[in-house]
Amino acid sequence: MSEKKIKKNEERCALQDILTIIGGKWSMSIIYALFPGKKRFSELERLIPGINTRMLVKELKNMEANGIVVRQVFATVPPTVEYTLTVKGQKLEPIISQLMQWGVEFVDKEAAILK
């Protein structure tokens, strides 16, 4: 019985760790925008409606620290910065795509019912 409790606690901890890494309000949108390939900072701002510059910087720093994105700076004036997904970040594509499908299938219908 105590082994089941330990396993459930470990699973909860793993889930909390996952949510810490990709659970930010904008994280999945940023990752989704990077699936096709590298993007400049300004491109990401345009691709993600509603995000402000401060929040984009914060989320990108968090994802970089957690090994989800790579930030590459080019010595130009003004500096050019590009972001790409790491292998770890690319492995999120099927998961996020499935969440997207689930949202299209159920979330829009739920919102229509609530209106």
Side-chain angles (χ1 to χ4, degrees):
M1 182 124 168
S2 64
E3 285 182 32
K4 279 187 176 182
K5 284 184 181 180
I6 291 171
K7 186 171 182 176
K8 286 199 182 254
N9 285 338
E10 287 173 0
E11 289 171 3
R12 282 190 199 127
C13 291
L15 185 57
Q16 290 301 320
D17 293 342
I18 292 164
L19 290 174
T20 300
I21 295 169
I22 63 165
K25 178 179 178 181
W26 300 102
S27 297
M28 286 195 213
S29 297
I30 295 167
I31 294 167
Y32 188 81
L34 289 170
F35 284 154
K38 63 182 155 187
K39 299 279 185 287
R40 293 174 71 172
F41 185 87
S42 57
E43 288 178 286
L44 288 171
E45 277 186 306
R46 282 192 301 273
L47 286 170
I48 305 167
I51 195 167
N52 63 42
T53 303
R54 185 178 148 271
M55 190 53 67
L56 181 57
V57 168
K58 180 182 173 188
E59 293 286 352
L60 286 167
K61 282 183 180 181
N62 181 47
M63 287 189 289
E64 184 181 13
N66 286 296
I68 304 296
V69 298
V70 173
R71 179 179 188 260
Q72 187 174 11
V73 181
F74 298 93
T76 58
V77 178
T80 302
V81 181
E82 290 181 342
Y83 293 90
T84 54
L85 290 173
T86 62
V87 172
K88 185 177 176 180
Q90 291 169 354
K91 289 191 179 242
L92 292 167
E93 184 169 8
I95 297 162
I96 292 175
S97 294
Q98 286 181 337
L99 278 171
M100 191 80 160
Q101 285 178 312
W102 181 86
V104 168
E105 187 174 345
F106 295 107
V107 174
D108 292 338
K109 291 176 185 174
E110 294 291 325
I113 291 169
L114 294 175
K115 286 183 181 179

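All residue numbers in this chain count up from 1 along the given sequence. Model, not experiment: these values are computed from the prediction.
The backbone N or O of Gly23 sits nowhere less than 3.5 Å from a side-chain atom of Ser27 that would complete a donor-acceptor pair. The closest donor-acceptor contact from the side chain of Thr86 to the backbone of Gly67 lies under 3.5 Å.
With rounding to the nearest 0.5 Å, the separation of CD in Glu64 from NZ in Lys61 is 9.0 Å. Note that CG of Leu15 is 4.5 Å distant from CG of Leu19, once rounded to the nearest 0.5 Å. Atom CD of Glu93 and atom CE of Met100 lie 11.5 Å apart (nearest 0.5 Å). With rounding to the nearest 0.5 angstrom, the CD1 atom of Ile31 is 5.5 Å from the CD1 atom of Ile22.
Under the 30°/60° scheme for interplanar angles, the aromatic rings of Phe106 and Trp102 are found to be tilted.
By the rule that hydrophobic residues join a cluster once side-chain heavy atoms approach within less than 4.5 Å of another member, Leu99 and Val107 end up as members of separate clusters. Note on Val57: it clusters hydrophobically with Val73, by side-chain heavy-atom contacts below 4.5 Å among ILVMFWY residues.
Residue Lys58 qualifies as open at atom NZ: its count of foreign heavy atoms under 6.0 Å is 12 or below.
Between Leu44 and Leu34, some side-chain heavy-atom pair lies under the 4.5 Å cut-off. Looking only at side-chain heavy atoms (C-beta outward), Ile48 and Tyr32 stay at 4.5 Å or farther from each other. For the pair Ile51/Ile30, a side-chain contact is recorded, criterion being any heavy-atom separation below 4.5 Å from C-beta on.
Between Lys25 and Glu59, the closest heavy-atom pair is N-OE2, 3.9 Å. Scanning all heavy atoms of the two residues, the minimum distance from Leu56 to Glu45 falls at CD2-CG, 3.4 Å. Closest heavy-atom contact between Phe35 and Ser97: CE1-OG, 4.5 Å. Met63 approaches Ile21 most closely through the heavy-atom pair CG-O, 4.4 Å.
Applying side chain to side chain contact (heavy atoms under 4.5 Å, CB included) to Ile68 and the options Leu60, Asn62, Leu85 leaves one that passes, Leu85. None of Val69, Val70, Thr84 except one satisfies the side chain to side chain contact (heavy atoms under 4.5 Å, CB included) rule with Lys38; the exception is Thr84.
Listed by chain and residue number, Ala33, Lys39 satisfy the side chain to side chain contact (heavy atoms under 4.5 Å, CB included) test with Leu47 (two or more places apart in sequence, or in another chain).
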